[in-house]
Amino acid sequence: MTEQSFADRVSRWYEQNARDLPWRGPDVSPWAILVSEVMLQQTPVVRVLPVWEAWLARWPVPAALAAESPADAIRMWGRLGYPRRAVRLHECAVALVDRHGGEVPDRLDQLLALPGVGTYTARAVAAFAFGQRHPVVDTNVRRVVARAVAGEPDAGPTTRPADLVATEELLPVEPAAAALASAAFMELGAVVCTARSPRCAVCPVEPVCAWRASGQEAPTGPTRRPQRYAGTDRQVRGLLLAVLREATGPVPRPRLDQVWADDVQRSRALAGLVTDGLVEPAGEAAYRLVGDAPAPAGQPLT
DNA sequence: CACACGTGGAG
DNA sequence: TCTCCAAGTGT
């Protein structure tokens, strides 16, 4: 079993079984693909779908988003989670206008320099939008390679340079075929070689899987630290932002104070939102989403 | 390198 | 209920 035929097996399976996701269409712009990649960071496909559609309908090109305020981006982001991504995507649109004539660049180094675009996203855009040959390594790919190639139950907690090398060695030489293989690896990890209950019975590489061959030792519990949520600053930030998102402008401090009893923690969370560019002071005792409209003249804040 | 950073659905 | 986790990035 050569590396090449591994990619071939997965690619052929992908061509027959890939989900019909809108950002995979033939006429999807690099900008639309970039938006999808950012939204999909740590976020399930089903939740991204409607937001992606609405986002691209309103901002079909980077310049359209760049011309509006971060507040609009934060609202459009809805409840996707990690709303800093919305701010970064807005910053990214501004950068695209400023530095790249409003276009998404096709060079990896230029993509990496964009706000919110890291190792994964830069390579995903270079491969899926421009057909270049780069290893595209996300959590799905790392799991597939760890199991099928290395014979381990799971991948390590973070992406390391070695992961990129190992994945690159699996890619076909021809760029378009490599990009297809990358999409196929990700899809396999997403729907077949899943974290908890892998569906080995329908896996196209089951016959050559090193993990299966070695007895398929069970995954050794959670690789990551338990990610607590209740009672954290994260939860408080979420509550504060929900109020600001649904308001139409500045929100008086007293209304924000209602979302969480602990003064110290609430203040810390609000300060964090300001630091992160999501929220800004509006007047003496009010806050609003960054760039949001001021309070209507003569209208008391309530 | 560890940690912060949202949200909601499945098992 | 409660845990796990879903196409990561920035500090």
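Order of the sequence lines sets the chain letters (A, B, ...), proteins ahead of strands, with each chain counted from 1. Everything numeric in this text was worked out from a predicted model, so none of it was measured.
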_With the threshold set at under 4.0 Å for non-hydrogen atoms, list the residues of residues 68-80 of chain A touching DNA chain B in residue-number order._
A/Arg79, A/Leu80
_Salt bridge flag under 4.0 Å for residues A/Arg133 and A/Glu168_ = yes
*Ring geometry between A/Phe6 and A/Phe185 (parallel below 30°, tilted from 30 to 60°, perpendicular above 60°)*: tilted
_Comparing A/Thr158 and A/Asp276 on DNA chain B - which has the more 5′ nearest nucleotide_ = A/Thr158
*Out of B/dC5, B/dC1, B/dT7, which nucleotide sits closest to the side chain of A/Arg84?*
B/dC5
Under 3.5 Å, side-chain donor or acceptor atoms of residues 171-178 of chain A against the rest of the protein: list the pairs with distances, not counting sequence neighbours.
{"unit_1": "A/Glu174", "atom_1": "OE1", "unit_2": "A/Ala176", "atom_2": "N", "d": "3.3"}
{"unit_1": "A/Glu174", "atom_1": "OE1", "unit_2": "A/Ala177", "atom_2": "N", "d": "3.1"}
{"unit_1": "A/Glu174", "atom_1": "OE2", "unit_2": "A/Ala176", "atom_2": "N", "d": "3.4"}

*Any donor-acceptor pair under 3.5 Å joining the side chain of A/Thr43 to the base of B/dG6?*
yes
*Pick the nucleotide of DNA chain B nearest each of A/Pro83 and A/Ser197; which residue has the one closer to the 5' end?*
A/Pro83
*Nearest of C/dA7, C/dC5, B/dC5 to any side-chain atom of A/Thr139?*
C/dA7
*C/dT1 versus B/dG8 - spacing of their C1' atoms, nearest Å*: 15 Å
*Would you jot down, in residue-number order, the residues of residues 17-25 of chain A having a non-hydrogen atom under 4.0 Å from DNA chain C?*
A/Arg19, A/Leu21, A/Trp23, A/Arg24
*When you measure from the side chain of A/Arg234, which nucleotide among C/dT9, B/dT7, B/dC5 comes out closest?*
B/dC5
*Nearest-nucleotide pick for A/Arg196, side chain only, options being B/dA10, C/dA6, C/dA7*: B/dA10
*asked:* Once hydrogens and angles are ignored, does a donor-acceptor distance under 3.5 Å link the base of B/dT7 to the side chain of A/Arg47?
replied: yes
*In whole angstroms, how far is the C1' atom of C/dA6 from the CG atom of A/Leu49?*
13 Å
*Nucleotide C/dA7, atom P - distance to CZ of A/Arg143 in whole Å*: 6 Å
*Think A/Gln42 has a side-chain N or O under 4.0 angstrom from the OP1 or OP2 of C/dA6?*
no
*Indicate the atoms forming the closest heavy-atom contact of A/Arg266 with A/Asp257, along with that distance.*
NE-OD1, 3.0 Å
*Salt bridge check: are A/Arg75 and A/Glu68 linked by an N-O gap of less than 4.0 Å?*
no
*Can you name the closest pair of heavy atoms from A/Ser36 and A/Trp52 and give their distance?*
CB-NE1, 3.5 Å
